[in-house]
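First comes the structure, then the notes that go with it.
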Amino acid sequence: MSPRGARARRANGKKYATWLAAGVVVLGGTAVTAVAASAGGEGAGPGDGTRSAKAHALALDGKDPKRRALPRTGTPTFSLVGVSWEDSGDTFEGTAQIRTRDAATGEWSEWHDLDFDIRAPESTEGEEPEVRGASEPLWVGPSDGVEARVVADGEETAVPEALRLDMIDPGETVKGKGKGNGNGNGKDNGGTQGGGKGDAEPPTSGAPTGPAPGAVPAQEPTGPAATTIPTAPTAPAVVSRAGWGADESLVQDPPSYLNEVDAVFVHHTAGTNDYTCADSPAVIRAILTYHVRTNGWNDVGYNFFVDKCGTVFEGRAGGVDRPVLGAHTYGFNSYSSGVSLLGDYENGGTPTAAARQAIADLAAWKLGLHGVDPEAEVALTAAADTGVWKKGQVATLNTISGHRDGYATLCPGATLYSALPGIRTTAGASPYAIGN
């Protein structure tokens, strides 16, 4: 779907909110199913005051092939929610809206549209049988109730099979280790108390590029990647996976590596801009759990996250200074690194100066590791049909591009996308850029 089509879908969602009220489909059953979110099961961690992330699912059953709805239903506490279905090959054309009940106040939110910009990776990771289709996850903060309504778009479409709501509780981790620039795989213990910039160990700045103290070294890449990575220059500050409390038991397979990074794609996580920077680690933990337990991916899709305070977080494991294959820009994952800004920059949000600077510095450094100019263009061959490019078509893109440049989506939102020219200029002047 083109960005124009995506806007039309949201407009249809507003119309849908009017007529659905006259004929809500009430489900016969609303049992919550727990989906194991870590190898250790649910509940507390191993006697250290931690609480593991949890994933819960509510089936959106019903006989109407074009509509599903869930009346207001109490649930275990969660902070992030999305909709998923059985077959990732089935594209959901329609509208899904949810509202949630604040766990602290008991107040119900307004209706929120879910976005459907996620595609399973074009690599073998996206071909695993357990990979599901899914919406983008929506961060709602601690909630204990949910209401949903879903409608297919048009007379010839139907909602996908095995449609369900997926709700993620990010859990809590304790203040501890986790210091480092993320060049290890982050399997040392540590993190933050409840998720927070103020509680986490500070990211390193200008640290050597070896593993963080106490970290397990990342798996060495083999083949071309082992010979094309130059000695890493001084890196910007990055909070390691251990620093934001990644549950490494969720990741079953070792990372894959690219030959090199030719471009950086900029994304937004959508959802809300009302998070505090103390929430950032919890938001990222929830996205990791959603990408693994809901989507069926091996790890979180993005290579990096940035929050509105300008803090950079390591995303997919494998080493921040290595060309790790991510799952973020369908058709172009095999050439690029993906950085996602926490928040919604399509519906009124504006990226902060700190966030723009952090994205520019990160992109300049990451591209500089491979001798790439952050203000240049690059020709990349689309590995799949993306709605913008056909498979095999050569796309001329900026080395710092928006998600929508490669794939038919509104991501990274209008205001962040319009900031990209300035981010490129800032990256070119960054001390982390090649030659500076």
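The structure displayed is predicted, hence computed values, not measured ones. Position 1 is the first residue of the sequence, and the numbers go up from there.
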Given side chains that start at C-beta, do those of [X] and [Y] come closer than 4.5 Å, heavy atoms only?
X      : Y      : answer
Val306 : Thr311 : no
Leu258 : Tyr335 : no
Ile168 : Pro137 : no
Val266 : Leu341 : no
Val394 : Leu380 : no
Leu80  : Val140 : no

*Just checking, Arg72 and Trp108: is the charged tip under 6.0 Å from the six-membered ring centre and within 45° of the axis?*
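Cation-pi check for Arg72 and Trp108: passes.
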*Does NZ or CZ of Arg404 lie under 6.0 Å from the centre of the six-membered ring of Tyr417, at an angle within 45° of the ring axis?*
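Output yes; distance and angle both within limits.
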*Check the pair Tyr290, Ser135 against side chain to side chain contact (heavy atoms under 4.5 Å, CB included), reporting the backbone distance first and the verdict last.*
CA-CA 10 Å; Tyr290 187 88; Ser135 71; 3.5 Å; yes
[atom1]/[X] to [atom2]/[Y] distance, rounded to the nearest 0.5 angstrom?
X      : Y      : atom1 : atom2 : answer
Leu367 : Thr399 : CG    : OG1   : 5.5 Å
Lys66  : Asp153 : NZ    : CG    : 10.0 Å
Ser88  : Ile118 : OG    : CD1   : 11.5 Å
Leu420 : Thr426 : CG    : OG1   : 11.0 Å
Met167 : Leu58  : CE    : CG    : 4.0 Å
Ile423 : Leu416 : CD1   : CG    : 5.5 Å

*asked:* Pair Glu248, Val251 - check side chain to side chain contact (heavy atoms under 4.5 Å, CB included), show working.
replied: CA-CA 6 Å; Glu248 300 295 354; Val251 182; 4.2 Å; yes
Would you say [Y] and [X] are linked by a side-chain donor-acceptor pair, where the criterion is simply a distance under 3.5 Å?
X      : Y      : answer
Ser84  : Arg164 : yes
Asn298 : Gln252 : no
Asp361 : Ser430 : yes
Asn398 : Ser401 : no

For [X] against [Y], the heavy-atom pair lying closest together:
X      : Y      : value
Thr294 : Ala134 : CG2-CB, 4.3 Å
Asp115 : Ala270 : OD2-CB, 3.9 Å
Ala327 : Trp297 : O-CZ3, 3.6 Å
Asp321 : Lys366 : C-NZ, 3.9 Å
Val300 : Gly315 : CG1-C, 3.6 Å

*Is it true that atom CD of Glu110 has more than 12 heavy atoms of other residues, nucleotides or ligands lying nearer than 6.0 Å?*
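Not more than 12 within 6.0 Å, no.
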*Does CD belonging to Glu128 count more than 12 external heavy atoms closer than 6.0 Å?*
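Enclosed.
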Side-chain ([X]) to main-chain ([Y]) donor-acceptor, under 3.5 angstrom:
X      : Y      : value
Glu127 : Thr124 : no
Asn295 : Val292 : no
Thr289 : Arg285 : yes

*Looking at the rings of His328 and His267, which for Trp means the six-membered one, are their centres under 6.0 Å apart?*
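Yes - the distance between ring centres of His328 and His267 falls below the 6.0 Å cut-off.
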Hey, are [X] and [Y] close enough for a salt bridge, meaning a charged N less than 4.0 Å from a carboxylate O?
X      : Y      : value
Asp144 : Arg101 : yes
Asp299 : Arg241 : yes
Glu125 : Arg316 : yes

*How far apart are the C-alpha atoms of Val339 and Asn303, what are their side-chain angles, what is the distance that settles it, and do they pass the side chain to side chain contact (heavy atoms under 4.5 Å, CB included) test?*
CA-CA 6 Å; Val339 54; Asn303 298 100; over 6 Å; no
*Test Thr269 against every option in Phe305, Trp139, Tyr345 by the side-chain contact (heavy atoms from CB on, under 4.5 Å) rule and name the one that passes.*
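Result: among Phe305, Trp139, Tyr345, Phe305 is the only option passing the side-chain contact (heavy atoms from CB on, under 4.5 Å) with Thr269.
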*asked:* I'd like to know whether Phe78 forms a ring pair (Phe, Tyr, Trp, His ring centres under 6.0 Å) with His56, so could you lay out the CA-CA distance, the side-chain angles of the two residues, the decisive distance to 0.1 Å, and finally the verdict.
replied: CA-CA 8 Å; Phe78 65 95; His56 304 284; 8.5 Å; no
_Please determine whether side-chain hydrogen bond (donor to acceptor under 3.5 Å, both in side chains) holds for the pair Ser109 and Arg99, giving the CA-CA distance in whole Å, both sets of side-chain angles, and the decisive distance to 0.1 Å._
CA-CA 5 Å; Ser109 71; Arg99 63 191 308 182; 5.3 Å; no
*Leu70 and Leu60: side chain to side chain contact (heavy atoms under 4.5 Å, CB included), yes or no, with the steps?*
CA-CA 7 Å; Leu70 182 74; Leu60 290 173; 3.9 Å; yes
*Taking the inter-plane angle between the rings of Phe116 and Phe92 on a 0 to 90° scale, is it parallel (under 30°), tilted (30 to 60°) or perpendicular (over 60°)?*
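The rings of Phe116 and Phe92 stand perpendicular, inter-plane angle above 60°.
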*Where does the angle between the aromatic ring planes of Tyr330 and Tyr407 fall among parallel (under 30°), tilted (30 to 60°) and perpendicular (over 60°)?*
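It falls in the perpendicular class, over 60°.
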